[in-house]
Number of protein chains: 2
Amino acid sequence: MLEDRGPCSAGHDGSSTIKDVLSRIGDKWSLLIIGMLDAGPQRFTALQRNVTGISHRMLTHTLRSLQRDGLVSRTSYPEIPPRVEYAVTPLGRTLIAPVLGLVHWADANHDEIQRSREAFDDAR
Amino acid sequence: MLEDRGPCSAGHDGSSTIKDVLSRIGDKWSLLIIGMLDAGPQRFTALQRNVTGISHRMLTHTLRSLQRDGLVSRTSYPEIPPRVEYAVTPLGRTLIAPVLGLVHWADANHDEIQRSREAFDDAR
DNA sequence: CCGCATCCGCAGCGATACTG
DNA sequence: CAGTATCGCTGCGGATGCGG
């Protein structure tokens, strides 16, 4: 819906699309979890160890919503004690590339932004 | 910090980078404003008209923080009544490409996600 | 080991009103 | 026209505890 306007322009009506994207990946944990799972399937507890700082509650919650969107798959093995493994789906994997684009951008421009902030703050 | 690991992996310690990105563009309005300004410089009031649904307060606030990060520039003309124009900086423009990557992804996979959700919800 | 429910603090955001 | 201040709501997300 925007891809046909030269350099870009996310305005006009791409608004809804952007809001969609943000509501899906803009929360605190979704991307971190997908990033973790990209290394390979993991159990609930492993995730909780590896995704630093996430609470039990939020891990459950976020995994649910990712599963609902088809970005992450859940397979539970009927054993005792129960074992549940999570993995990125093919769809989930396709998300990683564009996200990495952003990560690279942040990496590349982190310093400049930092300097800009200091300059701005000094001007008070 | 991640760019050297084949397909990807945003986990391990790219965490901080991802959090950085999210805190900068993950809010409700930043991307929409940058998208608007990409079409050309605009005055405060024009932005408020064009960015649908934004409040006076949030427009001021978001513009400030974008300006602070060096993504948007502010030039005020000392007239009466006052006139202030906002524009994307070169740095701000470099952000648009990676964001469009995400927008395209959302566009391309919107339907599949939608179906996945319905399937998931039916399973209750 | 894993999931769900409850309680609650806190930040984001909107509405409104007032200044230059 | 542009910016600032105050107030109140709402929802995210953390802590904790119970159940399977």
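The chains referred to below are lettered A, B, ... by the order of the sequence lines, with proteins before strands, and numbering in each begins at 1. Note that the coordinates shown come from a computational prediction; the quantities given were computed from them, not determined experimentally.
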Looking at the side chain of A:Asp27, which of C:dC1, D:dG13, D:dC1 is the nearest nucleotide?
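Minimum distance to the A:Asp27 side chain belongs to D:dG13.
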Go through C:dG3, C:dG20, C:dC13 for me and flag the one nearest to the B:Pro82 side chain.
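So the nucleotide nearest the side chain must be C:dG20.
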Interface residues of residues 54-75 of chain A with DNA chain D (non-hydrogen, below 4.0 angstrom)
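DNA chain D contact set from residues 54-75 of chain A: A:Ser55, A:Arg57, A:Met58.
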Donor-acceptor pair, A:Thr17 side chain versus B:Val103 backbone, under 3.5 Å?
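Such a contact is absent between A:Thr17 side chain and B:Val103 backbone.
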Looking at B:Asp20, is its backbone amide N or carbonyl O close enough to the side chain of B:Ser23 to form a donor-acceptor pair, meaning the two atoms are under 3.5 Å apart?
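Yes: the side chain of B:Ser23 pairs with the backbone of B:Asp20.
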Would you mind reading off the distance between [X] atom [atom1] and [N] atom [atom2], rounded to a whole angstrom?
X	N	atom1	atom2	value
B:Ile80	C:dG20	CD1	P	13 Å
B:Gln48	C:dC13	CD	P	16 Å
A:Arg43	C:dG3	CZ	C1'	14 Å

5'-most contact on DNA chain D: B:Arg83 or A:Lys28, nearest heavy atom basis?
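On the 5' side of the pair lies B:Arg83.
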Do A:Asp27 and B:Leu22 have side chains that get closer than 4.5 Å, going by heavy atoms?
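Result no, sub-4.5 Å side-chain heavy-atom pair not found.
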Check whether any side-chain N or O of B:Tyr86 sits under 4.0 Å from OP1 or OP2 of D:dC1, and answer yes or no.
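The answer is no; no side-chain N or O of B:Tyr86 sits under 4.0 Å from OP1 or OP2.
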One pair to check against side chain to side chain contact (heavy atoms under 4.5 Å, CB included): B:Leu59 and B:Trp29. What are the steps and the verdict?
CA-CA 8 Å; B:Leu59 184 55; B:Trp29 301 110; over 6 Å; no
Verdict with reasoning, B:Gln114 to B:Glu118, per side chain to side chain contact (heavy atoms under 4.5 Å, CB included)
CA-CA 6 Å; B:Gln114 200 57 36; B:Glu118 287 162 9; 4.0 Å; yes
Residue pair A:Ser30 / A:Arg24: nearest heavy atoms and the distance that separates them:
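For A:Ser30 versus A:Arg24, the nearest heavy atoms are OG-O, 3.8 Å.
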